[in-house]
Amino acid sequence: MNLSVVGSGYVGTTIAACFADLGHDVTTIDIDEDIVAAINDGDAPIHEPGLDPMVSLYGGDRLRATTDYDAIRDTDVTFLALPTPANDDGSIDLGAMKAGAESIGETLAEKDGYHLVVVKSTVVPGTTEDELEPLIEEASGKTAGEEFGVAVNPEFQREGSAVDDFMEPDKIVLGTDGDARALDLLAEVYEPLVADWDVPVVETGRREGEMIKYANNSFLAAKISLVNDLGNICKEYDIDAYEVAEAIGMDDRIGEQFLRSGVGWGGSCFPKDTAAIIQHAREAGYEPPVLEAAVELNDQQPERLLSLLDDHTEVEGERVAVLGLSFKPGTDDIRHSRAIPVIEGLQERGAEVVAYDPVATENMRERFPEVTYAEAADEALDGAAGTVVVTDWDEFAALDEEFDAMADPVVVDGRRIIRRRKGITYEGLTW
Ligand SMILES: NC(=O)c1ccc[n+]([C@@H]2O[C@H](COP(=O)([O-])OP(=O)(O)OC[C@H]3O[C@@H](n4cnc5c(N)ncnc54)[C@H](O)[C@@H]3O)[C@@H](O)[C@H]2O)c1
Ligand SMILES: O=c1ccn([C@@H]2O[C@H](COP(=O)(O)OP(=O)(O)O[C@H]3O[C@H](CO)[C@@H](O)[C@H](O)[C@H]3O)[C@@H](O)[C@H]2O)c(=O)[nH]1
């Protein structure tokens, strides 16, 4: 099939490369000329395991990129993978989505035959039907449901394992309100993947499809906050929260995943998506207490980490190492990383921050140019009066004698990645 993907960031590039790998002809459209040039040259514009080989194999061939929306006319289906960031009050900013919908509509005005537009981005329930579809109708002069269709197909991939998550998903959600033409086209798009992995396909309404994405992320974020809440109790009573988590995870109703307590959740999705659905609920007159508490607790974890450091060291004027800057291992993404409030808290205390991350340093340098960035963990630890561990990169698990070079070997671990041993003053956040 001929597919187009509007927006070539984390999701757009990953799904475009994966669609090409499934045998489709794919064109991505992005306003960023550097991204477009990179893809056509066979270079992945983002850091994601497994993406480079696919972009290198298909880039400029079965996978093409352009800044020109008219390329959509040569395709059957267009996926919208544009950003949906948060406004200051937490509500969803639909600016890019609306601009994209209008541009798609303008180009569809000149297209003969049916076209399917698929909303891949995470949007609050009602957006597709009430906001995007009317914009496409207006700009194209065509009638939705007749000359074109608009479906919802949320994405559940994680950063750091996006390619595997897309290729072997737990489920595929198709929100079409029963539109048979839309369902047929989407079935054709995903056929190679569904056939290979026997993936469950959820056929549902568009509002339900949109809500499923928020419910999925809200549940996972709240699960981590609950495990952090329990972990904080454990810490007060000298109980190992990880032993507790392992045992409760054996109950199928709880499940063993997402029980790692620590400094909390960050990233491009959980913070903005919980904020957006809370705000959306408020607009309807409902205050969701559990979700609000999940966010509040998450906001408190970095300060709890720093207060453990305070218990052992007066950091004012001292060098403090921050190990890990990305919001999770396997990515250079620092959006809402817990390292941000941790660095801010250390700066408020007057510490001299020396940070290290295997891949996210350059991104964090833009956010905190005044911080010193080390080339390696041992360089960050050398002479430090304390260290806080924020991201569970594998290489931190191998650190050992590097701690001996610290001025005072106080190690506050926010991710249970460092081995506790004699000679270091070790504090786990929840154990
Ligand atoms: N990042 C993830 O792991 C993930 C996973 C699931 C769902 N999502 C959702 O997918 C959507 C996209 O997220 P992302 O992380 O890929 O965003 P991103 O910021 O990485 O990428 C968005 C891309 O869109 C481009 N763009 C902006 N305005 C444009 C326009 N008018 N026309 C064409 N291109 C334009 C930008 O240049 C950028 O390359 C969001 O709704 C997000 O919530 C993200
Ligand atoms: O037990 C755990 C698991 C995760 N985290 C933290 O939670 C955050 C998010 O992690 P993860 O969910 O693995 O990464 P994301 O790439 O943000 O993926 C989430 O957000 C995406 C965007 O919506 C969804 O598509 C995914 O399904 C959803 O898992 C990170 O800061 C992790 O450190 C924990 O603290 N403890």
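Just follow the structure's listing: the first ligand is 1, and inside any ligand the first atom is 1. Residue numbers count from 1 along this sequence.
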For [atom], find the nearest protein heavy atom and state the residue, atom name and distance (0.1 Å precision).
| atom | value |
| --- | --- |
| atom 9 (C) of ligand 1 | Thr122 OG1, 3.6 Å |
| atom 18 (P) of ligand 1 | Gly9 CA, 4.0 Å |
| atom 17 (O) of ligand 2 | Phe327 CE1, 3.4 Å |
| atom 22 (C) of ligand 1 | Pro83 CD, 3.5 Å |
| atom 10 (O) of ligand 1 | Val11 CG2, 3.6 Å |
| atom 1 (O) of ligand 2 | Arg260 N, 2.9 Å |
| atom 5 (C) of ligand 1 | Gln157 O, 3.5 Å |
| atom 26 (N) of ligand 1 | Leu82 CD2, 3.6 Å |
| atom 12 (O) of ligand 2 | Phe258 CZ, 3.2 Å |
| atom 18 (O) of ligand 2 | Arg158 CG, 3.4 Å |
| atom 43 (O) of ligand 1 | Lys272 NZ, 2.6 Å |
| atom 13 (O) of ligand 2 | Lys328 NZ, 2.9 Å |
| atom 3 (O) of ligand 1 | Glu159 CG, 3.4 Å |

(message) So, regarding Thr84 and ligand 1 (criterion: nitrogen or oxygen to nitrogen or oxygen, under 3.5 Å), is there a contact or not?
(response)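 Such a contact does occur with ligand 1.
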(request) Report yes if Glu155 has an N/O atom closer than 3.5 Å to an N/O atom of ligand 1; otherwise report no. (result)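 No.
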What atoms of ligand 2 come closer than 4.0 angstrom to any heavy atom of [X]?
| X | answer |
| --- | --- |
| Phe270 | 9 (C), 12 (O), 19 (C), 20 (O), 28 (C), 29 (O) |
| Arg415 | 33 (O), 34 (C), 35 (O) |
| Gln157 | 21 (C), 24 (C), 25 (O), 26 (C) |
| Glu155 | 25 (O) |
| Lys213 | 22 (C), 23 (O), 24 (C), 25 (O) |

Within a distance under 4.0 Å of any heavy atom of [X], pick out the atoms of ligand 1 and give their elements.
| X | result |
| --- | --- |
| Ile35 | 39 (O) |
| Tyr10 | 1 (N), 15 (O), 16 (O), 20 (O) |
| Lys213 | 6 (C) |
| Tyr69 | 30 (C), 31 (N), 32 (N), 33 (C) |

(request) Between Arg338 and ligand 2, find which residue part has any heavy-atom pair under 4.0 Å and reply side chain, backbone, both or neither. (result)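 Arg338 to ligand 2: no contact under 4.0 Å from either part.
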(request) Measure Leu259 to ligand 2 on non-hydrogen atoms and call it side chain, backbone, both or neither using the 4.0 Å cut-off. (result)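 Under 4.0 Å from ligand 2, Leu259 contributes backbone atoms alone.
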(message) Is the distance between the ring centroids of Phe166 and Phe19 under 6.0 Å?
(response)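 Centroid distance Phe19-Phe166: below 6.0 Å, so yes.
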Considering only heavy atoms, does [X] approach ligand 1 within less than 4.0 Å through its side chain, its backbone, both, or neither?
| X | answer |
| --- | --- |
| Glu48 | neither |
| Ile46 | neither |
| Ser268 | side chain |
| Pro154 | neither |
| Pro45 | neither |

Does the N or O separation between [X] and ligand 2 drop below 3.5 Å for any pair?
| X | value |
| --- | --- |
| Asp392 | no |
| Asn216 | no |
| Glu159 | yes |

(message) Is Glu102 close enough to touch ligand 1? Criterion: a residue heavy atom under 4.0 Å from a ligand atom.
(response)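 No, that is not the case, since the closest heavy atom of the residue is not under 4.0 Å from the ligand.
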(request) Could you establish whether Lys120 and ligand 1 come within less than 4.0 Å of each other, counting only heavy atoms on the residue side? (result)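 Per 4.0 Å heavy-atom rule, Lys120 does not contact ligand 1.
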Can [X] be said to touch ligand 2, with heavy atoms closer than 4.0 Å?
| X | value |
| --- | --- |
| Cys269 | yes |
| Gly264 | yes |
| Thr122 | no |

Nearest non-hydrogen atom to [atom] belongs to which of [options]?
| atom | options | result |
| --- | --- | --- |
| atom 26 (C) of ligand 2 | Phe156, Trp265, Phe166 | Phe156 |
| atom 37 (O) of ligand 1 | Thr13, Asp30, Val6, Val36 | Asp30 |
| atom 4 (C) of ligand 2 | Val263, Val390, Ile224, Asn228 | Ile224 |
| atom 28 (N) of ligand 1 | Thr67, Ile15, Thr331, Ile31 | Ile31 |

(request) For the pair Gln279 (side chain) and Ile92 (backbone), establish whether a donor and an acceptor sit closer than 3.5 Å, ignoring hydrogens and angles. (result)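 Looks like no, no N/O pair under 3.5 Å.
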(request) Return yes when atom CG of Asp112 has more than 12 non-hydrogen atoms of other residues, nucleotides or ligands closer than 6.0 Å, and no otherwise. (result)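 No - once you tally the heavy atoms of other residues, nucleotides and ligands closer than 6.0 Å, there are 12 at most.
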(request) Count the heavy atoms belonging to other residues, nucleotides or ligands that lie under 6.0 Å from CZ of Phe219, then report whether that count exceeds 12. (result)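 No.
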(message) Please identify which of these residues, Asp177, Thr128, Asp130, meets the side-chain hydrogen bond (donor to acceptor under 3.5 Å, both in side chains) condition with Arg207.
(response)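 Going through the options one by one, the only one that passes is Asp130.
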(request) Report the C-alpha separation of Lys98 and Glu131 in whole Å, then their side-chain angles, then the decisive distance to 0.1 Å, and conclude whether the salt bridge (Lys or Arg N to Asp or Glu O under 4.0 Å) test is met. (result) CA-CA 8 Å; Lys98 288 182 177 173; Glu131 312 249 13; 3.4 Å; yes
